[in-house]
Amino acid sequence: MTETKICGINFKNPVIAASGTFGFGREFSQAYDLSKLGGICTKGLTFNPRQGNKGIRCCETASGMINSVGLQNPGIQSFLDNDLAFMSSLNTVIIANLSGSSIQEYVQGAELLNSSNVDMIELNISCPNVKEGGMNFGIKTQSAAQVLGQVRKAVSKPLIVKLSPNAEDIVDMAVTCEKNGADGISLVNTFKAMAIDIYKRKPIFKNITAGLSGPCIKPIALRMVYEVSKAVNIPVIGMGGISCWQDAVEFIMAGACAVQIGTMNFIKPDICLDIINGIETFMIKNNFKSISEMKSII
Amino acid sequence: MPYEYLKSNIILNCKVSEDIFEMKVEFKSNTEPGQFFMLRKNDSPTFLSRPLSVYYADKETISFLYQVKGKGTQLFSLMNPGEKIDIMGPLGNSFSTAFCGKKTAVISGGIGIAPMVYLAQELLKRDNSVDFYCGFKGMPYCTDILDKKIKVFVSSQEGVAGHHGLITEIFNPSAYENVMTCGPVPMMKIVANMCKEKNIPCQVSMEQHMACGMGACLVCTCETEHGMKRVCKDGPVFDGKELIMND
């Protein structure tokens, strides 16, 4: 009943663990059976390993948090050699989140991932925490079209593009991605934000700005998912502050065919299970026979 | 050992000193000295869980010593015995105590004393001689609960007890075969450097803001000679020689 098909890939349910909040699944596999998940997005991967940002990387806010990890990751080759076999054994859909600091690095990474056995690639043009690349490609449609066009040539697997809520116009951005070969859209990544240490009289983060996530962003993320879903004809995966099954149902009703759960994994490690069960119970009680019946009802 | 995530019963939550509290919860585990737990009050107005290191553990319970510093710890201090608290752990590595019959020094600063009490007791169980150095800003706390076989050295920056000044001023690493420390980074940096000069093994327990507590989110990293390491998963205890500590 909760199964959903996205870009030709079957998901047993519409709940996916979001990139950057779930590592490669190892740590959460101690908390519960990850085969119950619809899918897992890997930590953001780049062709070259990255050490990430120095200084404070996390700051709590009212109903959320700001992070400045800066895409720390072991590099795609290391992921393929050391982590993918474990992820593939989890019996859930594996989505590799691909980032880069230049178009060339994106393409090199895309080529490697395309020849691996990941199920899908999520092109991350929305990380606000790196100086080069990342979100720089996700603000203006022209830059997004450039990187997507090149990556598309290197990727035969399903390719979804993860959008930044900081894009100049989120709907234009989604439409541009559809025109330039995206098989699907996921949104939203974190909001560019900041915090100040008033005693030190300095920004908390070395990069000054960082990415806001958590329940505080949900209403804005939901609005963006709604608007984008109305404008494109490719599948939309919704995320942004989803903290319970009711939030997930809202995103699906707004037009998402699946949802990603991010920051709430930190608050309750098995939150995805609660959301999966909650969606199913809601569907039974309200006589929905499939996700597609519930999708875009608004 | 894998962590567990559950709602635990608070057995005790009392004031120990001015802004220092001890909370004891029901939790069955084999927790090692240096490990920590993530705690959160259900429906808490603060968002993230808080990492608290283990002050004492037996097979049935875990105790935490914590300082009220912000909103999260303030909420903890208002909880009552009988209330439930969300708790995940034990997390992180632990102090390496796989030696016996050694001269060891345990050095803490402020609330960094929390994991060191349990550590000192365990070191003693393994027939090590233990000297306990604890520095405080003002009045000392929890210095009287250690086994009588442990020699305690106290300092207070305000001069209200023991040595008037910093704990590092009365510590000489040459007298020891193993050193372990937890406290403010500037203090641990001095201890680690002193030990490095004399080539004495020094284990350092780091503290950092955390989100997941289990190694997935990478927000609690610290700098080491081998790159950025996760305090929650690769630590919190690191080899003093490898850490690059910035004040």
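Letters A, B, ... mirror the listed sequences (proteins, then strands); counts begin at 1. Since the model is a prediction, treat every value here as computed from it, not as a measurement.
- For the atom pair B/Leu218 CG and A/Asn53 CG, the distance stands at 11.5 Å (nearest 0.5 Å).
- The heavy-atom pair separating A/Cys58 from B/Met210 by the smallest distance is SG-O, 4.4 Å.
- We find the CD-CG distance between A/Gln30 and B/Leu91 to be 9.0 Å, quoted to the nearest 0.5 Å.
- Nearest heavy atom pair, residue B/Tyr3 against residue A/Glu27, reads OH-O, 2.8 Å.
- In this structure, SG on B/Cys220 lies 12.5 Å from CD1 on A/Ile56, to the nearest 0.5 angstrom.
- Residue-level contacts of residues 38-49 of chain B with chain A, in order of numbering, are B/Arg40, B/Thr46, B/Phe47, B/Leu48, B/Ser49; threshold 4.5 Å between heavy atoms.
- Remark: the backbone N or O of B/Thr221 is not paired with any side-chain donor or acceptor of A/Arg57 at under 3.5 angstrom.
- Residues A/Met65 and B/Ala211 come closest through the heavy atom pair CE-CB, 3.9 Å.
- Using a 4.5 Å cut-off between heavy atoms, A/Lys43 contacts chain B through its side chain alone, with no backbone atom that close.
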request  = Check the pair A/Phe28, B/Met214 against side chain to side chain contact (heavy atoms under 4.5 Å, CB included), reporting the backbone distance first and the verdict last.
outcome  = CA-CA 8 Å; A/Phe28 284 89; B/Met214 61 167 88; 3.7 Å; yes
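- For the options B/Gly213, B/Cys222, B/Cys212, heavy-atom pairs under 4.5 Å to chain A are most numerous at B/Cys212.
- The local environment of CD in B/Glu207 is sparse, with at most 12 non-hydrogen atoms from other residues, nucleotides or ligands closer than 6.0 Å.
- Residue contact with chain B, scored on non-hydrogen atoms closer than 4.5 Å, involves the side chain of A/Asp270 exclusively.
- Each of B/Lys71, B/Arg50, B/His209 was evaluated against A/Glu60; a single residue qualifies, B/Arg50, per the side chain to side chain donor-acceptor pair (under 3.5 Å) test.
- Contacts with chain B (heavy atom to heavy atom, under 4.5 Å) involve these residues of residues 214-221 of chain A, listed by number: A/Gly214, A/Pro215.
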